[in-house]
Amino acid sequence: MQNQGFLCELSIIPSSPRSLLPPHLSLFRRRPTRTRNPRDREWRRSRRRTGGSSGGGCGGVRFRSMPCSLVCGGGGGGGGEDNGSVRKFKLSESTFLASLMPKKEIGADRFLEAHPNFDGRGVIIAIFDSGVDPAAAGLQVTSDGKPKILDVIDCTGSGDIDTSKVVKAEADGCIRGASVQFSLDISVDVLIFCLQKHIKAEDISLKKIREDLQNRVDYLRKQAESYDDKGPVIDAVVWHDGEVWRVALDTQSLEDDPDSGKLADFTPLTNFRIERKYGVFSKLDACTCVVNVYDEGNVLSIVTDSSPHGTHVAGIASAFHPKEPLLNGVAPGAQLISCKIGDSRLGSMETGTGLTRALVAAVEHKCDLINMSYGEPTLLPDYGRFVDLVNEAVNKHHLIFVSSAGNSGPALSTVGAPGGTTSTIIGVGAYVSPEMAVGAHSVVEPPSEGIEYTWSSRGPTADGDVGVSISAPGGAVAPVPTWTLQRRMLMNGTSMASPSACGGIALLVSALKAEGIPVSPYCVRKALENTSVPIGNLPEDKLSTGEGLMQVDKAHEYLKQSKNTPAVWYQIKIVRSGKSTPVSRGIYLREPSASQQCSEWTVQVEPKFHEDASNLDELVPFEECIELRSSDQAVVSAPEYLLLTNNGRSFNVVVNPTNLSEGLHYYEVYGIDCKAPWRGPLFRVPITVTKPKAVINRPPLVTFSKMSFIPGRIERRFLEVPLGATWVEATMQASGFDTSRRFFVDTVQLCPLKRPIKWESVVTFSSPSVKTFSFPVVAGQTVELAIAQFWSSGMGSHETTIVDFEIAFHGINIDKEEVLLDGSEAPIRIDAEALVTSEKLAPAAVLNKVRIPYRPVEARLSTLAADRDKLPSGKQILALKLTYKFKLEDGAEVKPYIPLLNDRIYDTKFESQFYMIYDPNKRVHAMGDVYPNSSKLPKGEYNLQLYLRHDNVQYLEKLKQLVLFIERNLEEKDVVRLSFFSQPDGPVMGNGSFKSSVLVPGKKEAFYVGPPSKDKLPKSCQQGSVLFGAISYGKLSYLGDGEGKNPLKNPLDEDKGKSSPPTCTKSVSERIEEEVRDAKIKVLASLKQDTEEERSEWEQLSLTLKSEYPDNTPLLSKILEGLVSQSNVEDRISHNEKIIEAANEVIDSIDKEELAKFFALKSDPEDEEAEKLKKKMETTRDQLVEALYLKGLALAEIESLEAEKSKDVAASETKDADKTADRETKDADKTADRSEQDFGDQPDLFEENFKELKKWVDVKSKYGTLLVIRERRSRRLGTALKVVNDLIHDNGEPPKKKLYELKISLLEEIGWNHAVKYEKEWMHVRFPANLPLF
């Protein structure tokens, strides 16, 4: 493989100096996110961010996960050994700096003071995030001088480039790339001004010249208005130097200085883990890049971070600043590997591919810890493919996995996956201390003690687990990438709490390794939980903070003391007595019936050892005498003792909530080692009871009065939603305060096999006032209302806020969850009733989307390369690539929809999915994963490739015929609004329209929803399509006044006359003769002409058939097509003359006068014979038009070739060089400058042919190329350019490459070099050589 190179092109789309990177290497752009009621939190880059909260009151989007962090500032907190119990203090410079990178709160400063060499040395942390910048401050070396970052990997594939194309150096030693440096070197405004001087000419003879100049001006104006900088193109060369793969980048197009960024000046890089070197794209963007080469040089991965988040997280965990030790990360001696799981193509969202490859890399590098500050809600806790792989990494490879709990608080059951829902992961909540509030958040006055951030997610999980394991500081000023043009930045969120905890655990692991104590994630977790300092005084505070604020020094003492105890994880499985399912990890009595009666539960405790544990030495001897304790025997009863062996034991627990008051209650049953009670609880059985308030009054109105709030206070109210209620109208009144107040108002309901149903709002009161809002509810279920004053809101003001909150339940009960119209004329009956209060029934329905099903046209199953896609178990990952084809008759907004796979990334057993939509030019228009986005596509044909991964071939085989829907939003004119009727015959008879009525409780009312009228159905809908939309039973404001109106119909033209087709009867022999003739023509059309022998056979057959059927137009057309299709023709002039001759034969074979007469008349569409004749005549017309078009192209090419020949002859003259060259050049120019006038006695054959073509077809349509040539011959280059532009844009379909090449040639002829460079740069984007890799 030596001395071979690989060439690729990287298209880059910059919008500012900070974003001069390819789309797949994009850095950071602010974008809106697809969420509901976003709390303006974070970088707003992803639908999957669990948010983060900033100090001043930023809120977060919780619908999709992303880095659990935030970038803005805020206030509030406390810390220290006594949980930060401070009231008034003043920071010094040193304590201020220390507050920017909190370590005191978790005891890390005390631990390092006592053990300075246990600062993370010997520990490797894998950072699963958006990528880490190896050039960022504090991330170069460890405290003991070792390299800080051992490897930088893009696990998503977003930076992968296909380098399988092998190129060799040319004779001059150069490798030719595709890049062209781009710079706008002419002022458009000045050029327009100059041209406008000529436009003012009034001479009528200059009309066409003025028109041409005006077209040039118009083109320049349009270019100025629609200018879109696609960015520079980078050439990447990969080669093997005999030892390793090397990479060099040509980044000239990124530099302002044309002498900078040359390929020859680039220091070659190799895989980062080999030499730990990185490059910088340019001084302008200051963006660090790393390269890795995979698959024997066939894949180049260019790695950049997709947001500052990952670098910030890495800095909290382990940054080392020798000159600024107070700003060190928690474990400055630890080393890192960066595993980028945030896909740059998706705005930093994680993918299944990224998560799996990251785990593979962590095991391969023998990492001790993993930190992951990503997550999202889940419908099934502790379930899924990624969870299975995490369990293997923890149980088999002893990895300690730390992750953020999420930023979806303050409501309960908001912890996200995987951090808050996975048993083998340590989920971390976010804590703020008084020092952090004053220092990092710069609040006026700190809270009296440390508290959990308002937005930090809370437990329990849907299956009763606590969710949050421990808490750690959730904010820091930490390093960020160099492209941000700053060294450090403040972010906060559970994304910051997780690396703080991870760094603290790295200190413990460093100590254990140095002291020769075996490291087990089970033991470390138990030590952390049993030595944490509680935050808050109530039992239910554990649902917010876990066991409390972790303490490194105390956990270290615990681990030393328990070094001889078994490394065991006590797995808890709970079922209700007498049932086998569902299995849960805690007891969660949330719904009304469950919290009003006594229940008995069976708890199974199963000790789990690491997979490498010895059966004889560890499993067999294991036996523990467990004392079971209940935190409140009056509510939770359990046995007193349990003898636990390796095979596990079960016991029963009885929960009696009948005497509990309304609200939240939390209890535990925990096991204590009788022989070593100092070990603390070995396992815990969490029991959460929410006793809702029953709403019995009618109308159902509930008021919570005089609730008192201070910063950080949370008030929870639980209500049993009345049967029949579907929505709530709420009023919130705040009073009794001076400065503005900010509140989070959240509601949560839990339903089986659904993500938590969450509604949220951020309400700001600048003065005492009233706010109103509404939200949906599920009848019969408990709804939690959580109202929280933001932790930093109102600090410095000592006045409490008084809140009165009123809730009114409303609802219309319908007998159908979904209304299905089956395509028949029958209406659908709907029964409606109001169960809670009188309601106005005003149904409205709209069909505004269409789903079209597709099956794959191709399915390819392949084994992936072993470099990155081989699991630690040794199994090789397989990939299934499914290709779907679809066509859009008009431009539309479309979205792929895969019911089996969409909307699940953690709670799915499938590993990964990714799709891309591209046109015939291989230009990718859309990419996506489990959360597809709508994309605006122009008219045309498209391919969609769906990429699925798994190590089980049987799973993938079952998906080879996977149904995919293309979901398209209908344009407003095509939206179908349904009508309602009070009678079943209403849709047909047109009477009995139903508008509205008043529903009285206890009385049902029925009405009918009619099917859409056939004439209202969108014409673009195919058979098998599904129209769908929304139906509501109250007045929908968005329907407006246009409801029920039919679309306008175009009036019919009057008949101008009808042609009367002659009756034609043919004998059997005549019909046989025609069939034989058509078969011979078909054989001729199928013959190949690749070789001289094949071409000779074709010519011989065509002559034979021509002599046999001399005037048969279809035959002559096929002969013309065959001539045009011939390639590798040496004598182009002679070949074009043959084309002209063949075209003339087609033209002469057609009776043009008869054809014109036919189209002057209108045929009867009801007459079958007339329709057949019409089709035949249309075919004949098309053959005539095609012959004229091809003849015109041939005439133009002959002119061009003769002109070039004349110039060549002139240049080769040796005698009288100046005169001869001048004469020949003038002659050549005359030939090239032919216009509509005759040249001497010779007619202009091109012009005559063009005029004939105009009689039969609009030359601005598909035959517009000939119009361009005509304008070019006349030197009207501006008009020719306008025609080309119209051809490109008017068609609506993805344009053909030849049109853009024609456009570039016109621009070159005009002399607009700036536009030529611009268009050539865009050619790499519009017509890429290959599809990007998945």
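All values reported here derive from a predicted model rather than from experimental measurement. For the numbers below, each heavy atom of this structure counts, side chains included, while hydrogens, waters and symmetry mates do not.
Shortest non-hydrogen contact noted between F737 and S767 is CZ-C, 3.5 Å. Between A319 and P332 the shortest heavy-atom distance is O-CB, 3.6 Å. Contact between V428 and A501 at its shortest, heavy atoms only, is CG2-CB, 3.9 Å. Shown here for Q789 and G794, the closest heavy-atom pair between the two residues is NE2-CA, 4.3 Å. Looking at every heavy atom in both residues, G120 comes nearest to A331 through CA-CB, 4.2 Å. Here the closest non-hydrogen pair linking P102 and P473 is CB-CB, 3.7 Å.
Separation of atoms CG (N530) and CG (L559) is listed at 10.5 Å; rounding is to 0.5 Å. Taken from CZ in R487 to OG1 in T482, the straight-line distance is 12.0 Å, to the nearest 0.5 Å. Here the CG-CG distance, from N371 to D129, works out to 7.5 Å after rounding to the nearest 0.5 Å. Here the straight-line distance linking atom CD1 of I451 with atom OH of Y431 works out to 9.0 Å at 0.5 Å rounding. Summarising the geometry, atom CG belonging to L508 is positioned 9.5 Å from atom CG belonging to D553; distances are rounded to the nearest 0.5 Å. If you take CG on L97 and OG on S92, they are separated by 8.5 Å, rounding to the nearest 0.5 Å.
For K104 (side chain) and D109 (main-chain N/O), no donor-acceptor pair under 3.5 Å exists by modelled atom type. Judged by distance alone, with hydrogens and angles left aside, the side-chain atoms of K148 form no donor-acceptor pair with the main-chain N or O of P134 at under 3.5 Å. Side-chain N or O atoms of S457 include one that pairs as donor or acceptor with a backbone N or O of S408 at under 3.5 Å. The backbone N or O of V132 sits nowhere less than 3.5 Å from a side-chain atom of D305 that would complete a donor-acceptor pair. Side-chain atoms of S456 do not come within 3.5 Å of backbone N or O of G429 as any donor-acceptor pair. Checking side-chain atoms of S403 against main-chain N and O of M372 turns up a donor-acceptor pair under 3.5 Å. Formation of a donor-acceptor pair under 3.5 Å by the S498 side chain with backbone atoms of S495 is not found in this model. Judged purely by atom type and a 3.5 angstrom limit, E435 has no side-chain atom pairing as donor or acceptor with the backbone of G439. Under a 3.5 Å cut-off, the side chain of E452 and the backbone N or O of T545 do not form any donor-acceptor pair. Judged purely by atom type and a 3.5 angstrom limit, T531 has no side-chain atom pairing as donor or acceptor with the backbone of K554.
The aromatic rings of F118 and H115 sit parallel to each other, their planes meeting at less than 30°, with 60° as the upper class boundary.
The shortest distance between side-chain heavy atoms of I426 and I505 falls below 4.5 Å. By the 4.5 Å heavy-atom criterion applied to side chains, P479 and H321 are counted as neighbours. Two residues are said to be in side-chain contact when any heavy atoms from C-beta on lie closer than 4.5 Å; M436 and E105 meet this criterion. Using a 4.5 Å cut-off on side-chain heavy atoms (C-beta onward), V313 and M496 make contact. Counting heavy atoms from C-beta on, the side chains of F272 and I149 come closer than 4.5 Å. When side chains are defined from C-beta on, Y374 counts as touching S348, because their heavy atoms get closer than 4.5 Å. Side-chain atoms of V330 and V552, non-hydrogen and from C-beta on, never get closer than 4.5 Å to each other. In this structure, T304 and W483 have side chains that are not in contact, with every pair of non-hydrogen atoms separated by 4.5 Å or more.
The pair R110-E113 does not count as a salt bridge, with every side-chain nitrogen at least 4.0 angstrom from each carboxylate oxygen.
In summary, the side chains of S708 and R713 do not present any donor paired with an acceptor at a separation below 3.5 Å, with no hydrogens or angles considered. Side-chain contact, S544 with R458: a donor N or O sits under 3.5 Å from an acceptor N or O. Side-chain atoms of D133 and T288 include a donor-acceptor pair closer than 3.5 Å. Between the side chains of E515 and H556, at least one donor N or O sits under 3.5 Å from an acceptor N or O.
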- request: Tell me, with the steps shown, if F320 and T142 meet side-chain contact (heavy atoms from CB on, under 4.5 Å).
  value: CA-CA 6 Å; F320 174 60; T142 65; 5.9 Å; no

task: Give the intermediate values and the outcome of side-chain contact (heavy atoms from CB on, under 4.5 Å) for residues L326 and M101.
output: CA-CA 7 Å; L326 291 175; M101 183 64 76; over 6 Å; no

- prompt: Can you list the steps and then say if C502 with I125 is a side-chain contact (heavy atoms from CB on, under 4.5 Å)?
  reply: CA-CA 8 Å; C502 188; I125 305 174; 3.8 Å; yes

task: Verify side-chain contact (heavy atoms from CB on, under 4.5 Å) between V444 and M795, making sure each step is shown before the conclusion.
output: CA-CA 7 Å; V444 174; M795 282 192 174; 5.8 Å; no

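A 6.0 Å sphere centred on NZ of K283 holds no more than 12 heavy atoms belonging to other residues, nucleotides or ligands.
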